[in-house]
Amino acid sequence: MTDSTSSLVTQAYLKFYSNELRPSLHPVPGTKPLTVVAAVLPPLLYYLALLFLPPAPPHAIDSFAVKALYKTIALLAGVLFLRLPLAYHVPQSIGLTYQLGLVGIYGGCRVLDAFFISPYLFGHIPRRVSYTHNPRPETPGEHHVYKDRTWTDGGLKDPFSGTANPSARPSRAPTPEPEQHGNSTKVEATSTGISFSSAPWATSTSIHAALNGSTFKDRKKSTTFQDSYFVISKALAGPNPQPVYEHAKTEDGLPHSWSDRASWALELELSMRGQGFTWTTADVRHTRRTWLPTLQNRIHSIIVHVLPVQLASWFIISTIYDRYLAATIESPSYNPFAIPASEVSISYHLHRPGEPFDSLPVHLQLLLTLALGSFLMSAFSLGHSAFAIMLHPLSPHPLAFFPPLYTTRVWGLTSVRKFWSYGWHRLFARLFLVYGVWPGEWVERKVLRKSPSQPADVGKLLGAFLSSAFVHAFSVRGVLAGRWQDAMGEARFFALNGVACVVEAVVQRAVKGMRRQLGLQEIMWYDKWIGRAWWISAVVWSGREFARGWVKSGLVREMSFR
């Protein structure tokens, strides 16, 4: 038994450190296996440069020589980030080679943003933001709508319903709340994280009754079916998050000592969504009246929601691959790049003869696409919750601060735009803002000669999706032998979803106008059902372009452990 285990460990070790390409991995020609130095050097140089980014004190850094030095280091870090997917691949994994492209382009763009775009174009260096949370009593029945509410909408007006969250206020300018009495204990969260209270969430008997679902008298009147439904729904919903009033305050924020600079630089480098800084993305900025997820919430979510979705989607992916794709893709005669790149059309086609994905019936194409999307969504959630749980002992350090990754339940989404705004993660939101939204807005104003006071929503929206299209096409290119033509599937997917957002807004505005003319209500009860059917159909149908590249690149094979 010991010899067998030792043999397996040795084989795994040799396989991991071997430079032999994994089956179906097709890296960019001329790239070489990733080395430890190549992987560590870009983030290390980025961190070193961040130490000097904030202005003095200490005054020793306030000199031309020091500024030139750290700007040079930052530029070198950005170049090395962008060079990662152009010069290296991970021979042991198709997925890691794909992610190498995401890391390279994200890291390079982030460095350029931090050291050149934000300081020189906007005169801005990210400052710290402190959060303070005070427990608040829940109103009776409030927990029932928790599962359908938006976690964080920043008080923004919803362009598709024409309404705003009545309880939402921007959290930048906090307003004093009434003093909490009784058993309530202050819960503080600064840019250094959140410290959760063990005190009861509410003090009144009525609120405790609301948290428990209903009063004894009401429970006696309920039927057996209602009791069963209550128990099941309560088990699925899990522990309630902690209801709080949130206050956010932008502090001086810039470090004043070397130890503080070391902490500041690490926090900013690891904060993809800018939590704890003025770079905070919209999905992190809470309304004043909000909820805080707890460890119990995260553990329950992993066990009850994430893992079942992950396993079910993986089962579908592996089953479809084993039954319909494996014989072709694993055949020694199969060549995914038999057609020269110069002869591959980059135009949009509903069907591409010769592609393994297109050999599937349409219903299996859609099922595989839906399973891939569900697997990715649950994988992001699993990683986010797992890191939040592991780093929780560091609280109140900011490294333990993990705001919710998805801000709305999937079934609560009613449009393509809502899906991408609330239903999907926004880890790359800052990148798309700087390199997509702002340029798109500028182009629309220039082309249509709009004044600064006029909206440029179409340019901003299309700019965001086009920047996302490039980022993902650039990344998948790394596992498609560097062929841009074959990588265009992901680009088309995001571009089509951008167009879908524009089309649905135009249609919805036209329908509302027609209803007003006919004297009808602007919003009908069935709109949400039509919206759900529309966004699911649009995302999954266009997602076939995404899935096609994942099949051809071998990613689906690797996910099936083949």
Side-chain angles (χ1 to χ4, degrees), residues 34-63 65-88 96 99-120 124-129 190-193 251-281 284 383-384 387-388 390-391 394 396-402 427-431 434-435:
L34 181 66
T35 63
V36 175
V37 173
V40 171
L41 194 57
L44 185 61
L45 291 177
Y46 177 34
Y47 176 75
L48 181 62
L50 282 175
L51 292 174
F52 298 90
L53 179 60
H59 295 287
I61 68 169
D62 194 14
S63 66
V66 173
K67 291 179 180 179
L69 177 61
Y70 81 75
K71 293 287 184 181
T72 302
I73 294 175
L75 186 60
L76 178 60
V79 171
L80 291 179
F81 265 120
L82 294 173
R83 185 174 177 269
L84 279 176
L86 300 176
Y88 299 97
L96 291 179
Q99 291 180 46
L100 190 65
L102 291 174
V103 170
I105 195 168
Y106 174 84
C109 290
R110 186 71 168 228
V111 172
L112 295 177
D113 179 18
F115 288 91
F116 301 99
I117 295 177
S118 288
Y120 289 119
H124 177 69
I125 295 174
R127 297 163 60 192
R128 281 178 170 141
V129 175
T190 66
S191 61
T192 58
E251 298 179 329
D252 171 270
L254 298 176
H256 297 285
S257 64
W258 284 111
S259 61
D260 197 21
R261 280 176 179 270
S263 177
W264 182 92
L266 183 64
E267 294 166 26
L268 183 61
E269 183 172 19
L270 297 180
S271 178
M272 289 188 68
R273 295 185 289 168
Q275 57 266 34
F277 291 90
T278 50
W279 268 7
T280 304
T281 53
V284 176
H384 180 268
F387 275 106
M390 288 189 296
L391 296 177
L394 297 179
H397 196 277
L399 295 180
F401 183 31
F402 286 79
L427 297 176
F428 288 77
R430 175 72 188 184
L431 188 155
V434 176
Y435 299 93

Separation between CD1 of Ile105 and CG of Leu100, rounded to the nearest 0.5 Å
12.0 Å

Measure centre to centre between the rings of Phe387 and Phe402, then say whether the value is under 6.0 Å.
no

Interatomic spacing from CG in Leu51 to CD1 in Ile73 - rounded to 0.5 Å:
9.5 Å

Smallest heavy-atom separation, Leu50 atom then Trp264 atom, equals O-CZ3, 3.6 Å

Heavy-atom pair with the smallest gap, counting every atom of Tyr47 and Ala265
CE1-CB, 3.5 Å

If you apply the rule side chain to side chain contact (heavy atoms under 4.5 Å, CB included), what do you find for Leu268 with Phe277, and how did you get there?
CA-CA 8 Å; Leu268 183 61; Phe277 291 90; 3.9 Å; yes

Output yes when a side-chain donor or acceptor of Arg261 lies under 3.5 Å from a complementary backbone atom of Pro54, and no otherwise.
yes

Hey, could you give me the OG/CG distance between Ser263 and Leu399, rounded to the nearest 0.5 Å?
7.5 Å

Is there side-chain contact between Lys67 and Thr72, with heavy atoms separated by less than 4.5 Å?
no

To check you understand the geometry: which heavy-atom pair defines the closest contact between Gly108 and Phe81, and what is its length?
N-CB, 3.4 Å

Distance-only, no hydrogens or angles: does the Thr280 side chain make a donor-acceptor pair with backbone N or O of Gly274 under 3.5 Å?
yes

Who passes ring pair (Phe, Tyr, Trp, His ring centres under 6.0 Å) against Phe52, sequence neighbours left out?
Trp258

Any idea which heavy atoms bring Leu45 and Ala77 closest together, and the distance?
CB-CB, 3.8 Å

Please check: side-chain N/O of Lys71 versus main-chain N/O of Phe115, any donor-acceptor pairing under 3.5 Å?
yes

What's the spacing between Leu84 CG and Leu102 CG if we round to 0.5 Å?
12.0 Å

Donor-acceptor under 3.5 Å (Arg273 side chain, Trp279 main chain)
no

Decide yes or no on side chain to side chain contact (heavy atoms under 4.5 Å, CB included) for Tyr46 and Glu269, but give the supporting numbers first.
CA-CA 8 Å; Tyr46 177 34; Glu269 183 172 19; 3.3 Å; yes

side-chain hydrogen bond (donor to acceptor under 3.5 Å, both in side chains) against Tyr88, all qualifying residues, sequence neighbours excluded
Arg83

From Leu266 atom CG to Leu270 atom CG, the distance as rounded to the nearest 0.5 Å
4.5 Å

Taking every heavy atom of Pro42 against every heavy atom of Leu80, the minimum-distance pair comes out as CG-CB, 3.7 Å

Could you tell me whether the side chain of Ser118 and the main chain of Ala114 form a donor-acceptor pair under 3.5 Å?
no

Heavy atoms, side chains only, cut-off 4.5 Å: are Pro55 and Asp62 in contact?
no

Under 4.5 Å between any side-chain heavy atoms of His124 and Thr278, yes or no?
yes

Dump the intermediate steps for side chain to side chain contact (heavy atoms under 4.5 Å, CB included) on Tyr435 and Ile117, then the final yes or no.
CA-CA 10 Å; Tyr435 299 93; Ile117 295 177; 3.4 Å; yes

Phe116 and Leu75: side chain to side chain contact (heavy atoms under 4.5 Å, CB included), yes or no, with the steps?
CA-CA 9 Å; Phe116 301 99; Leu75 186 60; 4.2 Å; yes

Least distance between heavy atoms, Leu431 atom then Cys109 atom:
CD1-CB, 3.9 Å

Would you please say whether a donor-acceptor pair under 3.5 Å links the side chains of Glu267 and Ser271?
no

